[in-house]
Protein chains: 2
Amino acid sequence: MKKITEFTREELLELQEELEKQYEEFKAQGLKLDMSRGKPAASQLDLTNGLLTALDDYHTESGLDARNYGVLDGIPEAKKLFSDLLDIPVDKIIVGGSSSLNLMYDAMTRLMLFGTQGEKPWKDVKGIKWLCPSPGYDRHFAVTEDMGMELIPVPMTAEGPDMDVVEKLVAEDDTIKGIWCVPLHSNPLGACYSDETVDRLASMKTAAKDFRIFWDNAYGVHHIYEEVPLKDIFKAAAACGNEDRILYFFSTSKITFPGAGIAIMASSLSNIAEIKKHMTIQTIGHDKLNQLRHVKYFGNAENIRAHMRKLADALRPKFDMVLDTLDAELGETGLASWVTPKGGYFVALDTLPGCAKETVRLAKEAGVTMTGAGATWPYKKDPKDSNIRIAPTYPTIEELDKAIHLFCLCVKLAGVKKLIGES
Amino acid sequence: MKKITEFTREELLELQEELEKQYEEFKAQGLKLDMSRGKPAASQLDLTNGLLTALDDYHTESGLDARNYGVLDGIPEAKKLFSDLLDIPVDKIIVGGSSSLNLMYDAMTRLMLFGTQGEKPWKDVKGIKWLCPSPGYDRHFAVTEDMGMELIPVPMTAEGPDMDVVEKLVAEDDTIKGIWCVPLHSNPLGACYSDETVDRLASMKTAAKDFRIFWDNAYGVHHIYEEVPLKDIFKAAAACGNEDRILYFFSTSKITFPGAGIAIMASSLSNIAEIKKHMTIQTIGHDKLNQLRHVKYFGNAENIRAHMRKLADALRPKFDMVLDTLDAELGETGLASWVTPKGGYFVALDTLPGCAKETVRLAKEAGVTMTGAGATWPYKKDPKDSNIRIAPTYPTIEELDKAIHLFCLCVKLAGVKKLIGES
């Protein structure tokens, strides 16, 4: 089959007419579908409804009354649950409230206001920069933008950020203070960091002594097609004396309820001590009843893994639907490329350069909301205007069927119009 | 009866011997009691155990799935509940997580990092000072100390901070950026701000354009002996164009469960818009299921008030016990003074100057932990070493009986030793 990118002008014009007709038919359906955010579907949340009534007692294992004040960094059994799940020692773990984003934001404000390990507070350092592997997660980029840092995009590969680029940048510039990382099933690419990437991040020489890796393992147990292992970055960093470099984040937002889950952070003992010094001023403690609720519901880490397998079974048909449709509709066209993720929450698609915004606009106009084009890049500026994040989890399979077909049509229509304009 | 302060040296020595004997008898009992923190007793928490199972559905009134992501500033029915309870318009309210201290800390970090209403971020202002009406709440003082501000103690009266002092200070010095206020049943004095105090705080001229009142109405519905009205500071401030000056905080920590309650903040529409701009970067939203749980449990504001009357009934015997014992044991001695609170969580007692630390040390040695002497002052430095915070809520009435008798004995013993040393 001839690729659309190789069509003559006449063929393109003919195709455009046909696509426009199909597009008008879609529009006439009056769709109102949302593929914009990585939200679980209600049916997915139903799988953990037992959590709502899991709290049969309010005492912790040690007899502590979880209703009352106290326990800054989380009840021991909650720490143990996540320790077992993620293979991180309990004393390196802090259990927070319901939002890991909040833990990241607070970690960043502490670095700004107080600095870390005796280095200058970042508020007193001019022109701080932050590495943003792109495409990446818009809410990450927004945190560093809010702090007034300059965001430096770094190319992503299937194995993580391009480490040649990262190593060069951090070695030369001591105002580069850190990097965002989603090491497994990355948002939106679905990239999984290789052992080499983890090793290089852990061991690289950084001009800034207080360089920090924000290691957001948001999809650490969210395998859909394949259980991908992740090298232990704490061990890798400790081996080179860089353990303070790692701030690790995790949450149950996409395991239980996004609106009422449990978030954790983990770091070196020295960082944890430093963090608690300020955290004890910020709060008396996070919601211990919700921690206990999660502990009682799951019981142990293996039950979380078993639940994630059920969740994968629920999500796989949606990802199949998206990937099969992309293949069938766009596979041979030359108008788009994408990588099949092994897990996580997204499929990231690249249109022809200059076509992402128009694709998203067309979809929106026909009733399907996508994540805004450019959102996966710092300052929402995709230099090629080509990356679009597809979030298949929220719609029902019937809605998704319609939405992804319309989306493919919009990719084609935007691509064909672009080719005509250039021909 | 002759006051102990008027005793001769011989009388004092004789009394000391007798008190020492009583003290040794107490010590022999091997007590282990805690009157250090304002924690509710388990029996008090039992009054809202219905909250644990109040969640019979996870949909909000508008049909929103509270398990999922979304709703940055709280579900509408939670806003309405607190709006009705506190007489604050819903659109001036943000519902947060479980800790109002956390909301205050975050408000402070935003002022530090970003400033407010176009004024310079506080991180860029040298030598910021903060007014701390004293005795006051140690955790408040700690927040401003953590930010590196200089803490200025301001005398407290039964009607709030000494406004002559406050007005003079804030008019002259534009590096004084704010003041901590607990307007009802203040921690630890039990002071209730008069209408005049509220009016003067709302209308006073401040050299700093971005002067802020952190209005922590922690005990706003915690009346024990008398329902004390509080003048509406928003209305008072709005009348003089100073509404942006007020940051209002409240929580259910001492209404339902301190470890798993709901916190709110309220401010002018202009401040709320500014706060949300950063808050939307910090989190996707706080625990909506817990908001819904509280809404379903209470139903309406009047039911919260009814619950607070029950709570007052439960607390009154403890406060009676403390106040009656203080009266009986110390009333005629001249060794201590205190004010009878109308509500709240504390009784604040002043020993003879220079006797607070020794009193607390003696009590500790005999097995009763009090709040550290000095804790009610900035930097934990009580210039007179005389203020001690008594927290009667946590122990059972039997424990309290022992603890408060021992405490009175320690006040006497420390006082008598001091008088002997000076005689």
Side-chain angles (χ1 to χ4, degrees), chain A residues 37-42 45-46 48-49 51-53 55-58 65-71 97-99 101-102 104-106 109-110 112-114 121 123-124 139 142-143 145-148 253 256-261 277-278 280-292 394, chain B residues 37-42 45-46 48-49 51-53 55-58 65-71 97-99 101-102 104-106 109-110 112-114 121 123-124 139 142-143 145-148 253 256-261 277-278 280-292 394:
Chain A
R37 299 304 313 180
K39 279 172 78 165
L45 301 178
D46 289 345
T48 53
N49 267 351
L51 197 59
L52 296 167
T53 50
L55 206 60
D56 54 358
D57 182 25
Y58 42 79
D65 188 336
R67 300 171 304 177
N68 219 327
Y69 281 119
V71 193
S98 57
S99 159
L101 184 66
N102 204 325
M104 292 175 229
Y105 189 91
D106 287 3
T109 60
R110 276 190 302 266
M112 290 292 291
L113 288 173
F114 311 118
K123 69 179 169 58
D124 300 328
R139 289 190 189 271
V143 169
E145 190 180 352
D146 201 41
M147 300 295 145
S253 288
T256 61
F257 303 144
K277 221 179 60 184
H278 295 291
T280 193
I281 310 291
Q282 184 181 26
T283 183
I284 302 175
H286 290 288
D287 186 335
K288 291 186 298 298
L289 286 181
N290 205 34
Q291 293 173 17
L292 198 56
Y394 189 66
Chain B
R37 301 301 315 177
K39 280 172 78 166
L45 302 178
D46 289 346
T48 53
N49 267 352
L51 196 59
L52 296 167
T53 50
L55 206 60
D56 55 357
D57 182 25
Y58 43 78
D65 187 338
R67 300 172 304 178
N68 219 327
Y69 281 119
V71 192
S98 59
S99 160
L101 185 65
N102 204 326
M104 292 176 229
Y105 190 91
D106 288 3
T109 61
R110 277 190 300 267
M112 290 291 292
L113 288 173
F114 312 116
K123 69 178 169 56
D124 301 327
R139 290 191 188 271
V143 169
E145 190 180 351
D146 202 41
M147 300 293 146
S253 287
T256 61
F257 303 144
K277 220 179 62 185
H278 295 289
T280 193
I281 310 291
Q282 185 181 25
T283 185
I284 302 174
H286 290 286
D287 186 336
K288 291 187 297 300
L289 286 182
N290 204 33
Q291 293 173 18
L292 198 55
Y394 189 65

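Note: hydrogens, waters and symmetry copies are ignored here, and every other heavy atom, side chains too, is used. Naming: A, B, ... by sequence-line order, numbering from 1 per chain.
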The interface call for A/L55 against chain B, heavy-atom contacts under 4.5 Å, is side chain
So, the part of B/I284 with a heavy atom under 4.5 Å from chain A: the answer is both
Interface check, chain A: of B/A66, B/A41, B/A142, most non-hydrogen pairs under 4.5 Å belong to B/A142
Per-residue tally against chain B (heavy atom, under 4.5 Å) across A/D146, A/L101, A/L113 peaks at A/D146
Turns out that what part of B/T53 lies under 4.5 Å from chain A's heavy atoms comes down to neither
One option among A/F257, A/Y58, A/Y69 has the most heavy-atom pairs under 4.5 Å with chain B, and it is A/Y69
Given B/M112, B/E145, B/R139, the one with more heavy-atom pairs under 4.5 angstrom with chain A than any other is B/R139
Ranking A/R110, A/H278, A/H286, A/K123 by heavy-atom pairs under 4.5 Å to chain B gives rank one to A/H278
The interface call for B/D106 against chain A, heavy-atom contacts under 4.5 Å, is side chain
From the list A/G97, A/G259, A/A260, the residue making the most non-hydrogen contacts under 4.5 Å with chain B is A/G259
| query | Under a 4.5 Å cut-off applied to non-hydrogen side-chain atoms, are A/S253 and A/S99 in contact? | reply | no
Max heavy-atom pairs within cutoff under 4.5 Å with chain A, candidates B/K288, B/K39, B/R37, goes to B/K39
Would you please test A/R67 and B/D46 for side chain to side chain contact (heavy atoms under 4.5 Å, CB included) and show each step?
-> CA-CA 9 Å; A/R67 300 171 304 177; B/D46 289 346; 2.8 Å; yes
Cut-off 4.5 Å, heavy atoms of chain A, and the answer for B/A42 is both
Honestly, the part of A/D65 sitting under 4.5 Å from a heavy atom of chain B is side chain
- Determine yes or no for a side-chain-to-main-chain donor-acceptor pair under 3.5 angstrom, with B/D287 supplying the side chain and A/G261 the backbone. no
So, the part of B/N290 with a heavy atom under 4.5 Å from chain A: the answer is side chain
Okay, B/Y105 and chain A: the region with an atom under 4.5 Å from a heavy atom over there is side chain
Max heavy-atom pairs within cutoff under 4.5 Å with chain B, candidates A/N102, A/T109, A/L289, A/N68, goes to A/N68
Across all chains, not counting sequence neighbours, the salt bridge (charged side-chain N to carboxylate O under 4.0 Å, His left out) partners of B/D56 are B/K296
Residues passing the side-chain contact (heavy atoms from CB on, under 4.5 Å) test with B/T256, sequence neighbours excluded, are B/T48, B/L51, B/T252, B/H294, B/F298
Cut-off 4.5 Å, heavy atoms of chain A, and the answer for B/D57 is neither
If one checks every heavy atom of B/T283 against chain A at 4.5 Å, the contacting part turns out to be both
